[in-house]
Amino acid sequence: MHTVRKTKLAIASSLVIAALSAGSAQAQSGGDFYRGKTIRLIVTTDAGGGYDLASRNIARYMPNYIPGKPSFVVQNMPGAGSVKGTNYIYNVVAKDSTVMGSLGNQAPFAPMLGMDQALFDPTKFNWLGSPAAEVGLLMVWHAVPVDTIEDATKREVIMATSGGGSTSAFYARTFNSVFGTKLKVLSGYTGMTGAFLAMERGEVDGFPSAFWSSLKATKPDWIRDKKVKFLIQYGTRTANPELPDVPVARDLAKSEEDKLILDIAMAPLELGRPFVMPPGVSAEHVEIMRKALMATFADKGFIADSNKQGLEVEPTTGEALEAIIKETYGAPKPVIDRLVSLYSDTK
């Protein structure tokens, strides 16, 4: 999946171009299509979370960059880990170019992982863009005598998770498979909040799927006072500028298959908080919406509002998201089978 990084770098300049060209959007062919219309933005997660906040910010600013300045209505449709709403966007909504969707970043990979409820083909969505990718962290409390991923192969390290089938538990199993670590999953904690409290109490050693953006927003003192140690960062191909000394997981993988396993497992983090349109809509309208979304991400007001809410803005284009999806689903079958095995092993 090296081409994904190249794609993202090659089209990064399009953010500036999109923002500059937004003012002339009225001159585009079909520019009057959205005049007087309402765009329904379906958020496939609960109200109040990061996806919802990002979507409502977009609903405020994006009309300024769409020819005709349509109005927006945000509708939450959570359920089944975002799959319920994703099914609805793919199979039910009218293909009239007036519906957008905010997908939970795990949902696009549900069909690949064998989730029967996932009745959609991710490669056929029209991918519009994402405000930011996520950087994941495998971390331990400062008092734990583990400083590197190598150390974690020599002793048991207890990881707090919500359950054996949770994303955090899946990542722990993936690291054990790829690096030979001895991460032991301890279930029963409610998300990052419960896991962080357990770390402070000394009930567990660490947490396998902390997000850098969330950690900065909720536990800045942990970072400032070095209360936690980061063993690896993942969901990125190059070190985050704020984490230059934390090894990138992919760089530590010893085989090409292990690199592919990490690429696919961490692809949701690369998607960040992705926005789509359903299949079958006008290619011309998809292009209008892609440009408008990129211009929105460059809007100073949007960036300021997002930052106030603890949401970072480092956009990924629709073309880059599409490349991530296609390369993930194009991985060799043995690699996908191994990943499915790790995902389904909830012990």
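Quick note: numbers below take in every heavy atom, side chains included, and nothing from hydrogens, waters or symmetry partners.
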Derivation of the side-chain hydrogen bond (donor to acceptor under 3.5 Å, both in side chains) call for Thr44 and Ser82 | CA-CA 5 Å; Thr44 62; Ser82 192; 2.3 Å; yes

Are a donor atom and an acceptor atom from the side chains of Asp52 and Asn76 found within less than 3.5 Å of each other?
-> yes

Is a side-chain N or O of Tyr51 found less than 3.5 angstrom from the main chain of Asn105, in a donor-acceptor match?
-> yes

Is it true that a side-chain atom of Asp205 and a backbone atom of Ile158 form a donor plus acceptor pair closer than 3.5 Å?
-> yes

Taking Gln233 for its side chain and Leu243 for its backbone only, find out whether a donor-acceptor pair lies under 3.5 Å.
-> yes

Give the C-alpha distance, both sets of side-chain angles, the deciding distance and a yes or no for side-chain hydrogen bond (donor to acceptor under 3.5 Å, both in side chains) between Thr236 and Arg250.
-> CA-CA 8 Å; Thr236 179; Arg250 197 179 196 278; over 6 Å; no

Worked check of side chain to side chain contact (heavy atoms under 4.5 Å, CB included) between Leu231 and Thr148 = CA-CA 5 Å; Leu231 304 188; Thr148 66; 5.6 Å; no

Could you grab the distance from atom CE of Met77 to atom OG1 of Thr45, nearest 0.5 Å is fine?
-> 12.0 Å

Hydrophobic cluster membership, Tyr234 vs Leu342, 4.5 Å side-chain cutoff = yes

Any chance you could lay out the side chain to side chain contact (heavy atoms under 4.5 Å, CB included) test for Tyr329 and Ile264, step after step, and finish with the verdict?
-> CA-CA 9 Å; Tyr329 274 84; Ile264 299 173; over 6 Å; no

Rounded to the nearest 0.5 Å, the CE atom of Met62 sits from the CD1 atom of Ile58 at a distance of 7.0 Å

Flag, side chain of Trp127 to backbone of Pro122, donor-acceptor distance under 3.5 Å = yes

Do Lys37's NZ or CZ and the ring of Phe33 fall within the cation-pi criteria of under 6.0 Å and 45°?
-> yes

Do you reckon Phe109 sits in the same ILVMFWY cluster as Phe125, going by side-chain contacts under 4.5 Å, direct or chained?
-> yes

Are Met112 and Ile336 close enough, and set up right, to give a side chain to side chain contact (heavy atoms under 4.5 Å, CB included), and what steps lead you there?
-> CA-CA 8 Å; Met112 183 180 67; Ile336 293 178; 3.8 Å; yes

Can any side-chain N or O of Ser130 pair as donor or acceptor with the backbone N or O of Arg273 at less than 3.5 Å?
-> yes

Between Val74 and Tyr61, is there a shared hydrophobic cluster once you connect ILVMFWY residues whose side-chain heavy atoms come closer than 4.5 Å?
-> yes

Does the side chain of Thr38 come under 3.5 Å of the side chain of Ser71 through a donor N or O and an acceptor N or O?
-> yes

The reported gap from CG in Leu262 to CZ in Arg237 (rounded to nearest 0.5 angstrom) is 9.5 Å

Would Met115 and Leu119 show up in the same hydrophobic cluster when neighbours are defined by side-chain heavy atoms closer than 4.5 Å?
-> no

Calculate, to the nearest 0.5 Å, the distance between atoms CG and CZ belonging to Leu137 and Phe211 respectively.
-> 9.5 Å

How long is the gap from CE on Met289 to CD1 on Ile66, to the nearest 0.5 Å?
-> 4.0 Å

Rounded to the nearest 0.5 angstrom, the CD1-CG distance for Ile232 and Asp251 is 11.0 Å

Would you kindly confirm whether Leu197 and Met139 end up in one hydrophobic cluster when ILVMFWY residues are joined by side chain heavy atoms under 4.5 Å apart?
-> no

Mind running ring-ring contact (aromatic ring centres under 6.0 Å, His included) on Tyr189 and Phe196 for me, showing each step along the way?
-> CA-CA 9 Å; Tyr189 296 97; Phe196 289 175; over 10 Å; no

Glu270 to Leu321 - nearest heavy-atom pair and separation | O-CD2, 4.4 Å

Side chain to side chain contact (heavy atoms under 4.5 Å, CB included) assessment of Phe207 paired with Ser168 | CA-CA 8 Å; Phe207 188 59; Ser168 54; 4.1 Å; yes

Name of the residue among Glu314, Glu134, Glu312 meeting side chain to side chain donor-acceptor pair (under 3.5 Å) with Ser213 = Glu134

Could you please spell out the steps behind the side-chain hydrogen bond (donor to acceptor under 3.5 Å, both in side chains) verdict for Asn126 and Glu322?
-> CA-CA 8 Å; Asn126 289 290; Glu322 184 179 346; over 6 Å; no

